[in-house]
J.: 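What follows is a single structure, and I will ask about it in a moment.
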Amino acid sequence: MNIISIRSQFPSLELKSNDQPTIFFDNAAGTQVARQSIDRLTQYFLSSNANTGGVFETSLRSDELIETCRQKVADFLGVKDRQEVAFGPNMTTLTQAFARAFGRSCKEGDEIITTSLEHEANISPWLGLAKERGVKVRFVDINLEDMTINLDSLRRQLSNRTRLVAVGYASNAFGTVNPVREVAELAHSVGALCFVDAVHYSPHGLIDVKELGCDVLVYSVYKAFGPHLGVIWGRREIMEGLETFHLRTVKNIIPDKFEVGTQNHEGIAGALGSIEYLETLPKLLGKPENASPNNSLPLAMNGIREYEKTISERLLEVFAKYSKIKVYGITDTKRLNERVPTFAINVEGYSAKEVAKKLAEKSINVWSGNYYALEPMTRLGIEEKGGAVRISLVHYNTFEEIDLLDKALNSL
Ligand SMILES: Cc1ncc(COP(=O)(O)O)c(C=O)c1O
């Protein structure tokens, strides 16, 4: 894997903090943006900037570009029918919109199941339906020792009242990869839909909605090397059947009925660039011999996954050196398949924020607090103590950067 070439695709990795190269270990809050994405975004303003649906060239170019991007995002998610993909400001807004529309088909006594491992954006929209529609929201229990979801708890709570099961693909706090396929099968066994929050998994591995067998999936492009933009995919028959909150002037067809108001055209162009970057990755990962337009995304994402397992292993070795460091979540290096390199830790004697500040002084960007993973932090009993430090890496991070983190932790 050619890490130097990979890093050169991200101009902002050159940034310095305190006169030192910045170490971006804050990726779970948004990755740095690939050059192809920045170029696409800039190019949109230079050559196509217009509203959609006009008869003149810039508008026609905008229309075409948006559809090209929709196709590329469909490819990224393993979706055949690109009209099943809609854009929006971010995952939270799209999930709220989906939940409200879905709520119109719910009646009192219906149940929605989410899990205690979720980001709040996969909880609050469903709780909103409890208030508005009398829907009961149930929570799948988590195993606190490794921050995994408890499938028996899900099985116990499923019933013919269940309308939807909402689950994250990967935890944005602890890096756990959830058994989404199994969750989808369980949801379907009682006739419920499976809604997947793939925001945190999107920069780390291949998403294939056919493989997952889910019904609706959301992700955010800014977590996967592109600009601030959200994406929702849903099976045609489900999305067509929903009564959304669109304007009278918008046709009641997909994707239009989900894309309320003028879209972020430049962001959509940037999303195209972010996936074009990923398609170049097999070459940079040293797998050009097998690469073809049809399999470049699987090769790229599987290559990322393999590399990231090695950085997870190294990070776990570093944390294990320090008795005062507590890692929440999977720490067994034989279980790296079940996690991505996102780690929530605490250091005895320091608050999470203090650690984040100390690392920032060493030019290492990390997050502290709950990062909207309020429910699992509360379940762990650390919410009121200030949560945990989150160290989250992606494929452009290096072993050298981990060595510098090790040194910084050693100085605490
Ligand atoms: C797992 C997960 N779900 C949902 C969200 C919300 O995404 P957005 O910022 O696009 O609304 C985030 C953002 O941090 C996340 O990490």
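Each ligand, and each atom within it, is numbered from 1 in the order the structure gives.
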J.: Can you see whether E118 engages T115 through a side-chain donor-acceptor pair at a distance of less than 3.5 angstrom?
T.: yes
J.: Distance only, no hydrogens: is a donor on one side chain within 3.5 Å (strictly under) of an acceptor on the other, for T148 and N143?
T.: yes
J.: Is any side-chain heavy atom of I38 closer than 4.5 Å to one of L41?
T.: no
J.: Could you list each N/O atom of ligand 1 together with any protein N/O atom closer than 3.5 Å, one pair per line with the distance?
T.:
residue, atom, partner, partner atom, Å
ligand 1, 3 (N), D197, OD1, 3.3
ligand 1, 3 (N), D197, OD2, 2.6
ligand 1, 9 (O), Y222, OH, 2.5
ligand 1, 10 (O), M91, N, 2.9
ligand 1, 10 (O), S220, OG, 2.4
ligand 1, 11 (O), M91, N, 3.4
ligand 1, 11 (O), T92, N, 2.8
ligand 1, 11 (O), T92, OG1, 2.5
ligand 1, 14 (O), H119, NE2, 3.3
ligand 1, 14 (O), K223, NZ, 2.6

J.: Donor-acceptor pair, K257 side chain versus H246 backbone, under 3.5 Å?
T.: no
J.: Are Y372 and N122 close enough that a side-chain donor and a side-chain acceptor fall under 3.5 Å?
T.: no
J.: Using the side chain to side chain contact (heavy atoms under 4.5 Å, CB included) rule, pick out the option among V73, I232, D197 that qualifies with Y219.
T.: V73
